[in-house]
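Step one of this worksheet: look at the structure below.
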Amino acid sequence: MTALRSHPRFVSLEGGEGAGKTTVLHALRDALRAEGVAVVNTREPGGTPLAEMIRNLLLDPAHEPPAAETELLLMFAARAQHVRETIAPALERGAWVISDRFTDSSYAYQGGGRGLDVGLIAELERRVVGLQPGLTLLLDVDVAQGRERTRGRDLAPGGNGPDRIERERDEFFERVRATYRARAAAEPQRFRVIDASQPAQAVATAAVAQLRAWRDGAA
Ligand code: T5A
């Protein structure tokens, strides 16, 4: 696989910590299903049993911290499996696929956050993944506000505490956010940026409106 193919029924949700992707994912699925459209919601890292095991290796703070390159390759190992076992089959069946994170997360976190070579990430994207979302919704929120939300969730009774990546410093997440915004500015045909500082319902409504507009255009 050497070329990058975009699929109009493949939608990704991106954003920093606490942007509210999980909430929006459900709203998008419900909106499509209400119109009788088949939709598969999935997430990264993860989305297949093997990829979920890789997710656990990546995020559990109890494990040995991976080197940045190890982290990148494990993200792409999980993604290679996810594309072949979950995303491509669903698209072939005619379903829509909405993924909570995809390759833009690797550009933002491993490229922007960790400072790894963007050329290497692009090479892995082309040769290992080969697929790009037709539409990417970037939920953009101030780092402090997003982190406040995840702290509230992680420290609430029954919460799991911060995962390994959530323990990074604010500077890391500022670089992640800057990378996302730069990518969105460079690819306006694929990205729609949504102000995720709004209340959750307003963010979900804006995301559903963007998806409907995209779908009407793609139909
Ligand atoms: N990663 C992933 C990489 O480094 N490289 C990669 O290639 C990939 C694919 C994944 C981690 O892996 C990294 C990125 C991540 O650090 P994860 O647990 O899936 O780990 O982390 P996130 O995707 O960041 O998920 P979060 O749960 O942290 O963020 P969400 O899904 O954006 O936020 P959500 O919806 O769970 O909301 C968080 C809290 O905020 C509240 C919610 O109720 C919840 O309590 N909330 C709001 N509160 C007020 N106003 C709003 N608008 C709100 N929206 C949500």
Side-chain angles (χ1 to χ4, degrees), residues 12-29 41-48 51-52 54-61 65-83 87 98-116 118 120-122 124-125 128-129 133 136-169 172-173 175-177 179-180 183 194-207:
S12 64
L13 277 180
E14 296 283 356
E17 310 297 300
K21 292 180 283 75
T22 309
T23 318
V24 167
L25 193 75
H26 296 143
L28 296 177
R29 179 196 57 200
N41 274 12
T42 186
R43 71 168 179 183
E44 289 211 342
T48 81
E52 291 288 331
I54 298 173
R55 175 189 177 90
N56 183 39
L57 287 177
L58 277 162
L59 298 183
D60 189 341
E69 290 79 1
T70 311
E71 184 178 82
L72 176 72
L73 293 172
L74 284 174
M75 292 292 178
F76 271 95
R79 183 165 300 128
Q81 189 73 7
H82 187 209
V83 166
I87 298 176
I98 306 175
S99 186
D100 182 347
R101 299 192 179 283
F102 198 63
T103 310
D104 292 297
S105 286
S106 295
Y107 282 101
Y109 283 76
Q110 282 67 53
R114 304 264 185 244
L116 290 179
V118 174
L120 171 61
I121 300 174
L124 287 167
E125 180 182 30
V128 174
V129 179
T136 297
L137 300 178
L138 173 58
L139 306 190
D140 183 51
V141 68
D142 179 73
V143 169
Q145 191 180 349
R147 298 200 85 185
E148 191 54 44
R149 290 177 185 167
T150 53
R151 243 191 308 274
R153 181 198 56 198
D154 293 341
L155 300 180
N160 292 325
D163 67 37
R164 189 180 55 79
I165 294 178
E166 278 171 355
R167 293 172 187 220
E168 289 294 336
R169 302 160 69 90
F172 175 90
F173 293 107
R175 293 196 297 277
V176 168
R177 186 183 187 204
T179 306
Y180 270 132
R183 289 183 65 73
I194 293 172
D195 174 7
S197 69
Q198 309 173 82
Q201 192 51 51
V203 177
T205 301

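Note that the coordinates shown come from a computational prediction; the quantities given were computed from them, not determined experimentally. Remember, it's 1-based here, ligands and their atoms both numbered in the order they're listed.
- To the nearest 0.5 Å, atoms CD (Gln81) and CD1 (Ile54) are separated by 7.0 Å.
- In this view, Asp60 satisfies the side-chain hydrogen bond (donor to acceptor under 3.5 Å, both in side chains) rule with no residue, not counting sequence neighbours.
- Every protein residue with a heavy atom nearer than 4.0 Å to ligand 1 is included here: Glu17, Gly18, Ala19, Gly20, Lys21, Thr22, Thr23, Glu44, Pro45, Arg55, Leu59, Met75, Arg79, Arg101, Ser105, Ser106, Tyr109, Gln110, Arg149, Thr150, Arg153, Asp163, Ile165, Glu166, Gln198, Pro199, Ala200.
- Remark: Arg147 fails to qualify as a cation-pi partner of Phe173 under the 6.0 Å distance and 45° angle criteria applied to the six-membered ring.
- Scored by the side-chain hydrogen bond (donor to acceptor under 3.5 Å, both in side chains) test, Glu71 finds Gln110, Arg114, Arg164 as partners (sequence neighbours excluded).
- A cation-pi arrangement is found for Arg79 relative to Phe76, the charged atom lying closer than 6.0 Å to the ring centre and inside a 45° cone about the ring normal.
- For Arg153, the salt bridge (Lys or Arg N to Asp or Glu O under 4.0 Å) partners at least two apart in sequence or on another chain are Glu166.
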